[in-house]
Trainee: 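Quick one: structure below, then a few questions.
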Number of protein chains: 4
Amino acid sequence: MKVEILAITPDAEKLIEKAGRTCYLSFDKITEDSTEKFIRMLVKSGHESVLEHAYATFRISGGSRAFTHQIVRHRLCSFSQQSQRYVDEKGFEVVTPHSIEKNKEAKSLFDNFIKNAKDTYMRLQSMGIRKEDARFVLPNAVESEIVISANFREWRHVLKERCDKSAQWEIREIALEILLTLKKHAPLIFEDFEIDKVEKTVSIKKR
Amino acid sequence: MKVEILAITPDAEKLIEKAGRTCYLSFDKITEDSTEKFIRMLVKSGHESVLEHAYATFRISGGSRAFTHQIVRHRLCSFSQQSQRYVDEKGFEVVTPHSIEKNKEAKSLFDNFIKNAKDTYMRLQSMGIRKEDARFVLPNAVESEIVISANFREWRHVLKERCDKSAQWEIREIALEILLTLKKHAPLIFEDFEIDKVEKTVSIKKR
Amino acid sequence: MKVEILAITPDAEKLIEKAGRTCYLSFDKITEDSTEKFIRMLVKSGHESVLEHAYATFRISGGSRAFTHQIVRHRLCSFSQQSQRYVDEKGFEVVTPHSIEKNKEAKSLFDNFIKNAKDTYMRLQSMGIRKEDARFVLPNAVESEIVISANFREWRHVLKERCDKSAQWEIREIALEILLTLKKHAPLIFEDFEIDKVEKTVSIKKR
Amino acid sequence: MKVEILAITPDAEKLIEKAGRTCYLSFDKITEDSTEKFIRMLVKSGHESVLEHAYATFRISGGSRAFTHQIVRHRLCSFSQQSQRYVDEKGFEVVTPHSIEKNKEAKSLFDNFIKNAKDTYMRLQSMGIRKEDARFVLPNAVESEIVISANFREWRHVLKERCDKSAQWEIREIALEILLTLKKHAPLIFEDFEIDKVEKTVSIKKR
């Protein structure tokens, strides 16, 4: 699985301050180090609509269709996803769950099944079945590339839900990668997201 | 596949007239037969926001995960979907594409593959793999129940996109069933959706 | 100010149970009194998306343009509002803030100003200025009728924000009226919204 | 009135191509001049969801509250607006409609009314009335600063609606300024928006 940032609002935190101060016409309070205090105040007081002015786009490669079916439920994100109707999937890769990976017997069963799936997919096509129908045999494990854009308020929401310990492991691993990248580019916005590196979960620190 | 209406705004067309006349404070023009003219005017002039006041909920049973992964991309709809993390899928049913159904060789190949998928899913569970990981072998063909709510403006949008001849056959068949039901309950709102019964497609008649 | 319910999903709480049980395929657990427990579980666990299947529409008469400019910021609601471009406002009514109402001197000043506004509006029209330009003199106090629809999840959000003690008094009074009506029709959904009748505010009781 | 661009996705058109080609996994077709053809294909075929990956933020100064009450109805935009609850408006500026500006008698009446509004606003405050209540006398003409962000698909929608000849003159003038700026930064995305400089309207050229 690979998470790559494709685009992010330049000087996002400064922009958020400039936009947010419109509500109070308090532009005279902008100084070299006013951003930190201002953004902390926004988050603490729950005035998160201002965070919508910054935006980031990620490409996720090597996630499964199980993952994509979950992530596209976030309705304030924008998605462009590899289409199984248009893309020939004969060379598909799969995501193998950790619990299967480390269980020798399960791994062998899983691998054989995946071979059967690939074989069935190709044979159906050779019998004249179109891609959009042959794909009915493709399992959830099949990888699907997806590009996701969202504003920072929505990223905070998605990451809060999906880095939580109750989230499914695959979407949590991807969400954690996204969070690490966003923390580099906009540390103030995501500073209350505290990562537990051992458990690979996140908790939100009340400020 | 089965489409069942679970709820719809009572007297939806009358409600839309009552709401829409708020813009012009023209309540004095409401008569026994004013609704027809008013709704035609709304649709013709593109003033579709008024259609958002009416709402309908459907249960779709017997659609595939290929279908659900498409339909949940409609971000103005609300969804409750059968969860493959929580529901044991050992007795899953599948959707067989027509092109496979009518090709004897393909059908036999497909059926054998589905048997293998079911068998693999159950054996993984018996090896201690949890449902949320065993489901990685479940193919797109597996049925998934879903409840969908949307307002009438959004239903018009979804049905326009998904009853179109370029839409994938399964989602188009389901969309057509939804349209037939909505036409019964709110004939004026959907009267410009003209169904071609032979081709099973819809075209929008300009009014 | 008058709040009138125009439409609401019939048997809303039963519908929410039927939709929500789709996630777990637990329809066999539906009994005469299962709804209460199920809805409490949804709200407690934060699984609020299921609440989106129920919907309610209100007409608000006698709210000011100050109120409507605030309420239309709720982007998951649907609105039909009296248009100052199309409706002749020569007989407009106004909302007088309580603080002005009970201050004799302020009240007299306010009333005279409103008279001037109405007079100016009409004289501009008599000079050939169109409604859409004459309305530039209309003050925030002018009443504006509006119809609002939203699903129950969104109503919970709007009412939480707008019944809070930090909310502006007019929108809070209107929100409280909406809440009282919704509590009648869907008591379980809104049972954690506890009204302080003296302070006219609401707090959410953690369940 | 002043329209200032605060932020825009860097290399927006290249990003849209990179994101859009994910659907077809056709990255090998990216060349120095492939963007033009790709984006024209997206717009022509109505595959506009890909345009959501690019984003732009504008500050609008010197628009009236009549304008802001209209623009905030666009629910896929993000807004930060000067608050009349928190900002002291005693020095407010106004927008004077052209029809009033060029009618000497109307202009004189309008100016006197605005003076009365300002005077009343300040006197109410001196009587102990708080800003949030004194603002009830502020007319629609009062200027209100606003920052607006939206993705390119939504900007296309907003500008199509608001540059149309049926749009109100103030919002149309502002929309035209935004369009001119976006055409500089992302000419391909907005090339089908053809400006009639005499009429100050826009028509969409079918490609």
Trainee: Between C:A19, C:G20, C:A12, which shows the greatest number of heavy-atom pairs under 4.5 Å with chain B?
Mentor: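 If we count pairs closer than 4.5 Å to chain B, C:A19 comes out on top.
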
Trainee: Which one, B:L76, B:I8, B:I148, B:V87, leads in non-hydrogen pairs under 4.5 Å with chain C?
Mentor: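 The residue among B:L76, B:I8, B:I148, B:V87 with the greatest pair count is B:V87.
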
Trainee: Name all residues meeting the ring-ring contact (aromatic ring centres under 6.0 Å, His included) criterion together with C:F110; count only those two or more places apart in sequence or in a different chain, and write none if there are none.
Mentor: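 ring-ring contact (aromatic ring centres under 6.0 Å, His included) list for C:F110, sorted by chain: empty.
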
Trainee: Scan the chain B/chain C interface and emit each donor-acceptor pair under 3.5 angstrom with its distance.
Mentor:
unit_1, atom_1, unit_2, atom_2, d
B:K18, O, C:R59, NH2, 3.0
B:T22, OG1, C:R59, NH1, 2.8
B:C23, O, C:S83, N, 2.9
B:E52, O, C:Y55, OH, 2.5
B:E52, OE1, C:S78, OG, 2.5
B:H53, ND1, C:S149, OG, 2.7
B:H53, NE2, C:S80, OG, 2.8
B:Y55, OH, C:E52, O, 2.5
B:R59, NH1, C:T22, OG1, 2.8
B:R59, NH2, C:K18, O, 3.0
B:S78, OG, C:E52, OE1, 2.5
B:S80, OG, C:H53, NE2, 2.8
B:S83, N, C:C23, O, 2.9
B:S149, OG, C:H53, ND1, 2.7

Trainee: For the interface with chain C, which of B:L6, B:V50, B:I146, B:L15 has the highest count of heavy-atom pairs at distances below 4.5 Å?
Mentor: B:L15

